[in-house]
Protein chains: 2
Amino acid sequence: MNTPQTMHRSLCPLSTALDLIGDKWSLLIVRDMCMNKSKYCDFQNSPEAIPTNILASRLRKLESNGIIVKHPYQTKPIRHEYYLTAKGAALLPVIQQLAIWAHQHMPDSLPPPEAFLSAKPEDLIRKRDNQSSV
Amino acid sequence: MNTPQTMHRSLCPLSTALDLIGDKWSLLIVRDMCMNKSKYCDFQNSPEAIPTNILASRLRKLESNGIIVKHPYQTKPIRHEYYLTAKGAALLPVIQQLAIWAHQHMPDSLPPPEAFLSAKPEDLIRKRDNQSSV
DNA sequence: GTTATTACTTGCAAAATACAAGTGACTGTG
DNA sequence: CACAGTCACTTGTATTTTGCAAGTAATAAC
């Protein structure tokens, strides 16, 4: 279940989107998931070095807003993997456009990987995992 | 002249883009400019009600990073209009994708205007104004 | 038992944001 | 001319968010 949705500044779609993911970290976590990263330590090990408290709070926020789901992959100490939902995977075009823009207009950024540019949202969804949450 | 560029968290294009425009307000200002708004009070009157000090600091930041240019439209009390540069106009696809995403996945957001979805970056650049800054 | 690892939480300082109240340069009215 | 009003800001300060370091619970390895 999802859609808790905080207060929105307006009903403009851009504004509501930014209310949710308009910060410096959320889309980087989504990016990592697009690159098949799924574990807490994967996100921590990304080159941007997200602070661990920010990571935990962003994962909570993204999950409570239906952008990602978590499901356990071991129980001894309970550990979760995090995956994009259809809603989360649908952010891929946004991220792709942002990466293209940066590559073309920000001199010191690297080119986006080919595989990333040619990816499609539906490729990012793990059907089994999403269905398991019904 | 532009490109002062603050420190980047990494060279990932997405990360560098978010270093610059990864906040709740910057893209709303760009959106307003895409809708042919150009004056300080236009931005202030948008429904999200940006605080005036934030607006002023964002305009400075966007200008110093080459996303917008300002040029005077009167001199009695000096007043400026703000326009997108080619670099700023190239953010249109990003904003369009974000708006599409929100419309499809955030229940209480309005549909993006048709004119906005069919716009192209080159339509947003005022050739005369950009050339005048040479 | 001791040490190490992972996925967090907690505490606190630093930075960003929000809100209210100025300020300077005018314009319009009487 | 005095005086209220507008516009594009700046300044001050409270509140919120972020960043960094350290701590903790659960377990594995030795």
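Order of the sequence lines sets the chain letters (A, B, ...), proteins ahead of strands, with each chain counted from 1. Just so it is clear, the structure is predicted and the values come from calculations on it, not from any experiment.
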- Would A:Asp123 and A:Leu92 satisfy side-chain contact (heavy atoms from CB on, under 4.5 Å), going step by step from the backbone distance to the final call? CA-CA 10 Å; A:Asp123 303 332; A:Leu92 180 63; over 6 Å; no
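OP1 or OP2 of C:dC8 has at least one side-chain nitrogen or oxygen of A:Tyr82 nearer than 4.0 Å. For the OP1/OP2 pair of D:dA8 and a distance below 4.0 Å, the side-chain nitrogens and oxygens of B:Arg60 include no atom meeting the criterion.
With rounding to whole Å, B:Tyr40 atom OH is found 8 Å from D:dA8 atom P. Atom pair A:Leu55:CG and C:dA7:P shows a separation of 10 Å (rounding to whole Å applied). Rounded to whole Å, the distance from NZ on B:Lys39 to C1' on D:dA8 is 13 Å. For B:His71 and D:dA8, the NE2 to C1' distance is 17 Å, given to the nearest whole Å. To the nearest angstrom, P of C:dT5 lies 17 Å from CG of A:Asp42. Taking atom CZ of A:Phe43 as the reference point, atom P of C:dT6 lies 15 Å away to the nearest angstrom. What separates CG of B:Asn53 from P of C:dA20 is a distance of 12 Å, to the nearest Å. Atom pair B:Arg58:CZ and D:dC9:P shows a separation of 15 Å (rounding to whole Å applied).
The backbone N or O of B:His71 lies less than 3.5 Å from no partner atom in the side chain of B:Glu81, so there is not a single donor-acceptor pair.
When the nucleotides D:dG12, D:dT18, D:dA22 are ranked by their closest atom to the side chain of A:Thr52, D:dA22 comes out on top. For A:Pro77, the side-chain atoms get nearest to D:dT27 when compared with the rest of D:dT27, D:dT11, D:dT18. Taking only side-chain atoms of A:Arg79, from C-beta outward, the nucleotide of D:dT18, D:dC9, C:dT6 with the closest atom is C:dT6. Side-chain atoms of A:Pro51 lie closest to D:dG19 of the nucleotides D:dA22, D:dG19, D:dA8. For A:Cys41, counting side-chain heavy atoms from C-beta on, the closest listed nucleotide (D:dT18, D:dA22, C:dA7) is C:dA7. For A:Ile54, taking side-chain heavy atoms from C-beta onward, the closest of the listed nucleotides C:dA18, D:dT10, D:dT18 is D:dT18.
Within a heavy-atom distance below 4.0 Å of DNA chain D, the residues of residues 24-32 of chain A found are A:Lys24, A:Trp25.
Residues B:Met33 and B:Phe43 come closest through the heavy atom pair CE-CZ, 3.6 Å. For the residue pair A:Trp25 and A:Arg58, the shortest heavy atom distance occurs at CB-NE, 4.3 Å. For the pair A:Pro93 and B:Gln97, the tightest heavy-atom approach, listed with the atom from each and the gap, is CB-OE1, 3.2 Å. Between B:Glu48 and A:Cys12, the shortest heavy-atom distance links the atoms OE2-CB, 3.8 Å.
Mapping B:Tyr73 and A:Ile78 onto DNA chain D by nearest heavy atom places B:Tyr73 at the nucleotide closer to the 5' end.
Hydrophobic clustering of Ile, Leu, Val, Met, Phe, Trp and Tyr side chains at less than 4.5 Å, counting indirect connections, keeps B:Leu11 apart from A:Phe116.
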